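The structure appears below as structure tokens.
Values in this document were obtained by computation on a predicted structure and should not be read as measured data.
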Amino acid sequence: MKLDDAAARLEALGNTTRLKIYRSLVRAGQAGMPVGRLQERLKIPASTLSHHVKTLVAVGLISQQREGTSLVCHAEYDTMRGLVDFLVAECCADEAGCGNAKTAA
């Protein structure tokens, strides 16, 4: 993962509302969650939810799919794993004798 991509994703998750949205979708699993249910669960206005979802979609952390009359949001687990891997890739890299260190960029 490129440094700029990681920074953009972390910046998106740095907002409390977006982090709540993302965590709710991660908890929902592969089935995702319809926008209406997400709005009810988080008790936020539709326009606010739409704004934050758009930001998360733009950085690739979530996707949306039309299912009948519902718009369903899904966490992008591969992107999440890539971000976590990026964050820990150089763990202990400067420590002498660390055999687990990899280069992130």
Side-chain angles (χ1 to χ4, degrees):
M1 177 176 298
K2 295 179 182 176
L3 184 63
D4 290 343
D5 294 336
R9 290 172 180 146
L10 291 168
E11 180 180 6
L13 292 173
N15 176 279
T16 304
T17 302
R18 286 193 289 270
L19 186 56
K20 287 178 184 177
I21 292 166
Y22 190 68
R23 289 186 59 173
S24 293
L25 293 174
V26 168
R27 289 179 55 103
Q30 297 293 336
M33 188 181 300
V35 171
R37 189 175 323 142
L38 190 56
Q39 181 188 0
E40 289 172 12
R41 177 169 287 173
L42 298 176
K43 297 177 180 21
I44 58 177
S47 60
T48 301
L49 178 62
S50 177
H51 165 75
H52 290 299
V53 164
K54 182 179 176 182
T55 299
L56 292 167
V57 167
V59 297
L61 287 169
I62 68 173
S63 62
Q64 292 182 300
Q65 183 176 12
R66 177 78 49 195
E67 294 180 13
T69 59
S70 295
L71 187 58
V72 180
C73 296
H74 301 270
E76 290 294 326
Y77 292 99
D78 288 341
T79 302
M80 177 182 67
R81 286 183 197 99
L83 182 57
V84 171
D85 288 348
F86 176 83
L87 292 173
V88 298
E90 295 185 26
C91 180
C92 307
D94 290 339
E95 183 178 332
C98 180
N100 295 329
K102 295 181 261 176
T103 323

_Leu3 reachable from Val84 in the ILVMFWY side-chain graph, under 4.5 Å edges_ = no
_Same cluster or not: Val57 versus Leu19, using hydrophobic residues (I, L, V, M, F, W, Y) connected whenever any side-chain heavy atoms lie under 4.5 Å apart?_
yes
Grab the two heavy atoms, one from [X] and one from [Y], that are nearest each other, plus how far apart they are.
X     : Y     : answer
Gln64 : Val35 : NE2-CG2, 4.0 Å
Arg41 : Met33 : NH1-CE, 3.0 Å
Met1  : Gly82 : CE-C, 3.5 Å
Tyr22 : Glu76 : OH-O, 4.0 Å
Pro45 : Gln39 : C-NE2, 3.8 Å
Val72 : Ala31 : CG1-O, 3.6 Å

*asked:* Within the structure provided, determine whether Leu13 and Leu83 are in side-chain contact (heavy-atom separation under 4.5 Å).
replied: yes
*For residues Asn15 and Thr55, determine if any side-chain heavy atom of one lies less than 4.5 Å from a side-chain heavy atom of the other.*
no
[X] side, atom [atom1]; [Y] side, atom [atom2] - distance, nearest 0.5 Å:
X     : Y     : atom1 : atom2 : answer
Arg18 : Leu49 : CZ    : CG    : 12.0 Å
Arg23 : Ile21 : CZ    : CD1   : 13.0 Å
Ile44 : His52 : CD1   : NE2   : 6.5 Å
Arg9  : Leu56 : CZ    : CG    : 11.5 Å
Leu25 : Ser63 : CG    : OG    : 9.0 Å

*Give a yes or no answer on whether the side chain of Thr79 reaches the backbone of Gly60 with a donor-acceptor pair at less than 3.5 Å.*
yes
*asked:* Donor-acceptor check, side chain of Ser50 to backbone of Ala46, threshold 3.5 angstrom: yes or no?
replied: no
_So for atom CD, which belongs to Glu67, do other residues, nucleotides or ligands contribute more than 12 heavy atoms lying within a distance under 6.0 Å?_
yes
